[in-house]
Amino acid sequence: MPPRAPPPAAFPSLDAYYLHHLRSCSTPRHAAAVHAHVVRAHPFPSLFLRNTLLAAYCRLGGPARRLLDEMPRANAVSFNLLIDAYSRSGQADASLETFTRARHSVGVKADRFTYAAALAACSRAGRLREGKAVHALAVLEGLTGGVFVSNSLVSMYARCGDMGQARRVFDAAQERDDVSWNALVSGYVRAGAHDDMLRVFALMRRSGIGLNSFALGSVIKCCAGSDDSVRDIAAAVHGCVVKAGLDSDVFLASAMVDMYAKKGALSEAVALFKSVHDPNVVVFNAMIAGLCRDGAAVGMDVLREALCLYSEVQSQGMEPTEFTFSSVIRACNLAGDLEFGKQIHGQVIKYCFQGDDFIGSPLIDLYFNSGCMEDGFRCFRSLPKQDVVTWTAMISGCVQNELFERALTLFHELLAAGLKPDPFTISTVMNACASLAVARTGEQIQCFATKSGFGRFTAIGNSCIHMYARSGDVDAAVRRFQEMELHDVVSWSAIISSHAQHGCAREALRFFSEMVDAKVVPNEITFLGVLTACSHGGLVDEGLRYYEIMQEEYALSPTIKHCTCVVDLLGRAGRLGDAEAFIRDSIFHDEPVIWRSLLASCRIHRDMERGQLVADRIMELQPSSSASYVNLYNIYLDAGELSLASKIRDVMKERGVKKEPGLSWIELRSGVHSFVAGDKSHPESNTIYSKLAEMLSKIDKLTATDTSGTKSDDITRNEQSWMNWHSEKLAVALGLIHLPQPAPIRVMKNLRVCQMAHVLVRITGSGYYASAVVPKEERRLQLLKSGLLQTEWLSPLNHLQGIGLILQFVIDQIHPLLGMLTEDQYLQSEDVLSFTAYKAYVANALVKEIDEPFEKVTTTTSSKSS
């Protein structure tokens, strides 16, 4: 054995020498070097030195467990150090294992610090069951009477959510100090039991316990998270802070600024901020976050003030934190100030925060909201670690910028990365499915949500209702609504709007009545659905009554969408003069969308004179929009004014106004397939056109005898071919090729389905449940189901119901066919008269297809009745 080295002259012993160096260690490497020197030069270190070395390893990281195992002798302090180190690093199992080892080690007596460290491990990990076991052992050891262990028990039960047991331990404690009261108060705040917290705080004051920043901070946090009913209490707590002489405490100052900002009392928050003598960056962070908490409510001036505060942080030489940058980027986002946001991004890189997830998501939101998609993707790719929040920000940004397919791709990449999406992620993805009207993918996302345990969340249910409604499946939307445990205002609004968009006016109003009976207060979206339902159902008086109820009973101010619905309601009923007067008296009389609604009604009722004036007004307000030109063109065309219609087309060409191109898509197992008119880019293009020719041949045979006397012969071959190649027909043909006969064929389109496509689906879809859906929010969804008039599908007991379906079909389809928006490329036709003949051709074809089944069902029903 080597002889002991003599201690340096400045230290009385080798232990003191090594203790000095261990206390100055700042890295695990330094601690390991001291440890090596101790092993080589100090063969008999004391237990105190070994424990100090163990504490250094626990603090800096190192082989602490191995050192404890190699120690010839250990005491309670040795085990307490390791238990606490495991607890702080989140290794609860290792911490409790070390606690058990300490209790069974020979020569070691577990003390109150041992039990406090074990309780802290249970507290941090939320291990209530193990915490109760440690509590029982402490009772057996007679340690619960001391304030140190009882405070640890109160804190453990409070952090684990068992406030009842925490209060019982607190009441049974033989002695209490400030920590006891603070632990109970913070526990009630964490549990959201604000009333209980205030009662304990009042009892604390009556017991003569002095106020401290920790207790007051917990109370302020409680007031910030409560409703407006505790606003007076918040002011009283502020008075307690001032009375206790703690108003200069920056921790409490920042908490109170945050409290007032969350309550919407920005003036009080600003006054308090200005009263702080020497605010630090935390106080600035609280004020900046408070100013940009609700951009719609505070206004642009307040957001600019938030950006100025950041400049003040810079001018005072303070170093901003990640919370500072996050709040400032949010202010830039709300203010729409992309240039300032880019400067802040530069500051983020300067302070090396570009890899911080807390800053990455706001930056992605900033660029996506400004339409800078590539910059947003670069920010996302630059993050060293993408968590669920950043993935959700990316998916939400894609949905917001109408990159729905990219959003679905990102969701699949998220799953491939092994991350688990949260309810907000799934809700956002379902909104993408709703916008694409891809019911198959939406059903898969719903199944995934149910499997993940998110199916019970109301937000998920609301997204499902919206998705099914946009996909044309109202029945599935109703089923999902009925399966939900809790219906909020969004749920009711979604189901009402679903029926309204599909023309089920009475059903929509029935759901609204149930909503009112359920004591759910409707909002603007709810009444928008109700007014839409009344408009599509022709319920003029009911619609005007609901418009008054919205303002008088619920104090809701009408928006441009509500007023447009009222105009459409009056216009559909033929009250064009009332509709025009309503527009001129409205505050939205300079909005083109409300005039376009009146123009559509003018076309329905063939009021050419008024339509011309309205179209001129729209062109004056929005000269680049094609909708007014298209509607005026159709008005002239329906009135037989072919020369005027041709002039409108020429004006469009001169002004460079182009109609929105028609795009149709269909979802198959292989993915989503999209088409435009005359599209030949699909890999199966030849097969699709062959199938389409077969379908059109079938229509020609069915309608050949009824086309005499029309002007269909005037249609040129090129025009007729172009009409036959419309996008929805190509999508239907692809569905017929790939789907089995009983399977539903759902074709989605960004515009109204053309007239010929209605005939195509009806005649060629026998044996299929085919539907064509137009996912346009501002228009009524068109839903056409083939096989609806096939008499062999109706059992004798359902003949009467079949007549009702046929009549509904006649009302819903034949009348709109002669007045709806026309073909995608109709403005490209050179012969206007030919197009009029084409409309007659379609109408005759559809009427012929309906006549015979209707007579059969009527005859059968009459014989059954007799």
Side-chain angles (χ1 to χ4, degrees), residues 227 392 395-396 399-400 421-439 441-537 546 549-550 553-556 559 561-562 565 773 775 777-778 780-781 783:
D227 52 21
T392 305
I395 295 172
S396 178
V399 173
Q400 182 179 347
D422 57 17
F424 184 76
T425 311
I426 296 177
S427 177
T428 305
V429 174
M430 280 195 171
N431 288 334
C433 295
S435 300
L436 287 174
V438 284
T441 303
E443 289 171 353
Q444 295 175 4
I445 301 297
Q446 181 186 357
C447 292
F448 178 82
T450 303
K451 183 179 178 181
S452 303
F454 298 143
R456 68 183 187 278
F457 285 84
T458 305
I460 299 295
N462 296 340
S463 299
C464 284
I465 295 172
H466 180 57
M467 183 270 297
Y468 283 122
R470 292 293 300 274
S471 301
D473 196 345
V474 186
D475 295 335
V478 173
R479 285 195 300 271
R480 187 66 186 93
F481 177 81
Q482 294 171 347
E483 292 170 357
M484 294 173 61
E485 299 177 359
L486 178 65
H487 299 139
D488 58 6
V489 64
V490 179
S491 312
W492 289 103
S493 301
I495 197 64
I496 291 171
S497 299
S498 300
H499 286 84
Q501 290 171 350
H502 290 84
C504 306
R506 292 298 180 185
E507 284 296 307
L509 297 183
R510 180 178 66 82
F511 276 108
F512 179 76
S513 300
E514 293 179 4
M515 175 184 181
V516 174
D517 295 338
K519 307 300 182 184
V520 179
V521 180
N523 59 13
E524 293 87 349
I525 305 299
T526 313
F527 277 103
L528 182 62
V530 171
L531 292 174
T532 302
C534 294
S535 174
H536 292 162
Y546 283 119
I549 289 175
M550 178 184 71
E553 296 186 13
Y554 295 98
L556 297 175
T559 65
K561 292 184 178 181
H562 296 105
C565 282
V773 180
E777 291 183 358
E778 67 272 15
R780 173 179 171 179
L781 295 180
L783 180 61

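Values reported hereafter were calculated over all heavy atoms of this structure, with side chains retained and with hydrogens, waters and symmetry mates removed.
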Test log, rule side-chain contact (heavy atoms from CB on, under 4.5 Å), inputs Asn462 and Met484:
CA-CA 9 Å; Asn462 296 340; Met484 294 173 61; 3.4 Å; yes

What class does the angle between the rings of Phe481 and His487 fall in, given that below 30° is parallel, 30 to 60° is tilted and above 60° is perpendicular?
parallel

So, does Ser497 use its side chain to make a donor-acceptor pair with the main chain of Ser493 at under 3.5 Å?
yes

Less than 4.5 Å apart, any side-chain heavy atom of Asp475 and any of Arg479?
yes

Which atom pair, heavy atoms only, marks the closest approach of Tyr554 to Pro522?
CE2-CD, 3.4 Å

Side chains of Thr428 and Asn431: do they bring a donor and an acceptor to under 3.5 Å?
no

Interatomic spacing from NZ in Lys561 to CD1 in Ile525 - rounded to 0.5 Å:
6.5 Å

Inter-residue atom distance Ser427.OG - Phe457.CZ, 0.5 Å rounding
11.5 Å

Does any part of the side chain of Ile549, heavy atoms only, come nearer than 4.5 Å to the side chain of Tyr546, both counted from C-beta?
yes

Using modelled atom types only, decide if a donor and an acceptor are shared between the side chain of Thr526 and the backbone of Asn523 within a distance under 3.5 Å.
yes

When rounded to the nearest 0.5 Å, the distance separating CD of Gln446 from CD1 of Ile460 is 9.5 Å

Smallest separation among heavy atoms of Ala533 and Ala508, with atom names
CB-CB, 3.6 Å

Do Phe454 and Phe448 have ring centres separated by under 6.0 Å?
no

Testing Ser463, Ser491, Pro423 one by one against Thr458 for a side chain to side chain contact (heavy atoms under 4.5 Å, CB included), which residue passes?
Ser491

For Val478 and His499, run side-chain contact (heavy atoms from CB on, under 4.5 Å): C-alpha distance rounded to whole Å, both residues' side-chain angles, the deciding distance at 0.1 Å, then the answer.
CA-CA 9 Å; Val478 173; His499 286 84; 3.4 Å; yes

Does the pair His502 and Glu507 meet the rule for a side-chain contact (heavy atoms from CB on, under 4.5 Å), with working shown?
CA-CA 10 Å; His502 290 84; Glu507 284 296 307; over 6 Å; no

Mind checking whether Val520 and Asp488 have side chains closer than 4.5 Å, heavy atoms only?
no

Carboxylate-amine/guanidinium proximity below 4.0 Å for Arg510 and Glu514:
yes

One should read off an interatomic distance between Ile465 CD1 and Ser498 OG, to the nearest 0.5 angstrom, of 7.0 Å

Over all atoms of both residues, closest heavy-atom pair of Gly529 and Ile496:
C-CG2, 4.0 Å

I need the minimum non-hydrogen distance between His536 and Ala500, along with the two atoms involved.
ND1-O, 3.0 Å

Take Ile426 and Ile445, measure what side-chain contact (heavy atoms from CB on, under 4.5 Å) needs, and give me the verdict at the end.
CA-CA 7 Å; Ile426 296 177; Ile445 301 297; 3.8 Å; yes

Within the 3.5 Å criterion, strictly below it, is a donor on His562 or Thr559 matched to an acceptor on the partner's side chain?
yes

Heavy atoms of Gly442 and Met430 approach each other most closely as O-CE, 4.2 Å

Which heavy atom of Met467 sits nearest to which heavy atom of Ala434, and what is that distance?
CA-CB, 3.5 Å

